[in-house]
Amino acid sequence: MSKKTPYIYLTPWLIGLVVFKIYPMIETVVYSFTDYSLMNDPQFIGLENYTTLFQNPKFMTSLTATLKYVILTVPFALMFGLFIAFILNFKIKGVGLFRTVYYIPSLLGGSVAVAVLWQTLFLYDGPINNFLQLFGVEPIGWFSDPNAAIISLSLLRLWQFGSMMLIFLAALQGVPEELYEAAQIEGASKLYIFKRVTIPIISPVILFNGVMALIGAFQEFTAPFIITNGGPEYHTYFLNMYIYEEAFTYYNFGYACALSLILVLIILAVTVVVFALSKNNVFYSD
Amino acid sequence: MKKIISIFVMFVLVLSGCGANQTKEIRFSWWGSNDRNNATLQAIDDYNASQDDVEIIPEYYDYGSYQTKLSTQISGGSEACVLQVDYHWINDFGADKFYDLNEYSDLLNLAGYNQDLLNTMNYDGKQVSLPSGPNVPVFIFNKTTFDKAGIEIPTSWEELEAAGPAMQEALGDTYYPFSTLMPYDLFYEYTYEATGNPIFDEDGNFNWTKDDILVGLNEYQKLIDDNVIPSTEQAPDEMTQGDPQWIDGEWAGALTWSGSVSSWQDSLQEGDELVVVPTLSMDGAKSTGKVIKPAMSYAIADNCEYKDESAEFLNWFVSSEQSTLDLGMTRGMVDNPDAIKILDENGMLEGPAYEAYVTTKDIDAAPMPLLSGDTNRVILDGLSNLRYGSKTPDEVADDIYAEFTK
């Protein structure tokens, strides 16, 4: 095999990377400095899209809605995924079945069909409210109450914890047994062992799942688009919805590209902060 | 080597044979509900069966996703040859994207159309598209629900306001005489009817005072307060035909376009009766409040490879006996004189769509005003603010006035 052979095998993937990822990213940056309505040629306007963006109250509304969603969803997704993985790590009869069942929502994914199903479940006279009424709870306006709307969307994301749970499960199964034995011999409680042994050992996986959850939450689109349409009154009008509407409803493609770039920078900034904070909180085996 | 050459020669011969009998594939894209889609597919099948070298390829979507799809197709030059377009899209897409149908004036019998309606799709002398027929906002009511409540179908705004409390008292608090469909159009109709002022004057300048705006907003607030329109808990967003509350008759009325009345009737439970009320009267009305636009129009893309064949298909689609019988009133009332004659001869001028046409055809209606994205948004947001109680009519009027006058 010649030295060029590996590169030849890499070529299809490289072509795909350039054509479908790198080129569109460069185009996005270029168009963000133009007035481009999709129907006509782009006209260079410098930083006008960016100055308009930061002066537009809609941007702050959308950013606030997105941040609320991220803050609500990511920590709970991590905690819930880890909790279920911890339970499923016990050697009990039928645990394989439970692992499969808990993973199924992730297989369904955040598709349009699931979003429509979710919307039906949370209707004012839908099954969720009917169930809550059995316990004397008044019907909740899941899509008309701003706080309830964000919660209903967050619950959909939390419901799809299967992938995160599997990764946590693999990490938990990788913790050396002798560490647990040593801690037990020293008289450590279960909670102490979890805090001082388990968590530090799986901290790189927590970091990975946390970063992936953050990126996913910032990029949420299908659920708010289908379920709440950004409402009520823009309380679930996440940044990706704002980008989509500007591009495909109002044909402000250049402005939408500027918004996309700002979203990328926000995600990048948050990720950098998370990695910086991880230096003292994540422990690698090497 | 000889084997390779002979295989290659055979391959070339096969390809050239294919090219000689190549069928001209013409894509036709439209939006519609089930009844329209099925009827159109039937018409396309009938046309394809009658053609040797032309095949019409259908592409259809719901209204919302169709506009998005079409905009990206047009920007990329991959749109269908024959396109169904809405009135205001030409402004967004640009008239240069569509072929001048005056080139097929005789074939399409443009002279036989209602010239006012035809002119709505004429841009600086270029006939950009062919309007299918008129579209006027009309009120529709589920008579079955009103009968159950013992309430007469409203014929005035005052009666509509009174129907809110009466219906809830009779049937419970999940029943409303109206719905959240087309909120901007409802607000516009009331304001125009009450003030006599269209939103733009003849020169295209904004024509409303803040007091004019408040007239419509105050009425909308009254409809909310009197439980004419569903609460935000039950209807957080604009109603669709698929909403169970509409299907089951709990939301018993709406303002909709005359061209889509058939599909709203079809979406009700079997046996439920839909009635059309062309306009709601009011004391001291200064105008009918009505606007008119084409229900839809048909265009040929400027970059279409088979323009002649597309025009022939279009002519067949809007005027032939077979197509007219296939389509019926699923695309609303038609404006083509040949199609009207065929529908009449076959006793098909009936049903809610025809009723809507007959009751509105002589109404004095102004051309529908075109709003930009931001101005349309500020009115819709303002009406939403009223429904959610986050702003008063006065505050919303300030927002609307500021947006239109900035």
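Here is how names work: the chains are called A, B, and so on, in the same order as the sequence lines, proteins then strands, and each is numbered from 1.
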Toward chain B, the part of A:S37 with a non-hydrogen atom under 4.5 Å:
neither

Contacting region of A:Y234 [heavy-atom separation from chain B under 4.5 Å]
side chain

Any idea which heavy atoms bring B:Y175 and B:T145 closest together, and the distance?
CD2-CG2, 3.9 Å

Out of curiosity, A:Q119 CD to A:L156 CG, how far, rounded to the nearest 0.5 Å?
11.5 Å

Residue of the set B:D374, B:D381, B:T375 for which side-chain hydrogen bond (donor to acceptor under 3.5 Å, both in side chains) holds with B:R377
B:D381

Any ion pair linking B:R27 and B:E305 (charged N to carboxylate O, less than 4.0 Å)?
no

Is B:D92 in contact with chain A via its backbone, its side chain, both, or neither, using a 4.5 Å heavy-atom distance?
both

Top contributor to chain A contacts, counting heavy-atom pairs under 4.5 Å, from B:Q234, B:R387, B:Q245:
B:Q234

Could you grab the distance from atom CG of A:L153 to atom OG1 of A:T228, nearest 0.5 Å is fine?
4.5 Å

With a 4.5 angstrom heavy-atom cut-off, is it the side chain or the backbone of B:D96 that approaches chain A, or both, or neither?
neither

In terms of heavy-atom proximity below 4.5 Å to chain B, should A:Y250 be classed as side chain, backbone, both, or neither?
side chain

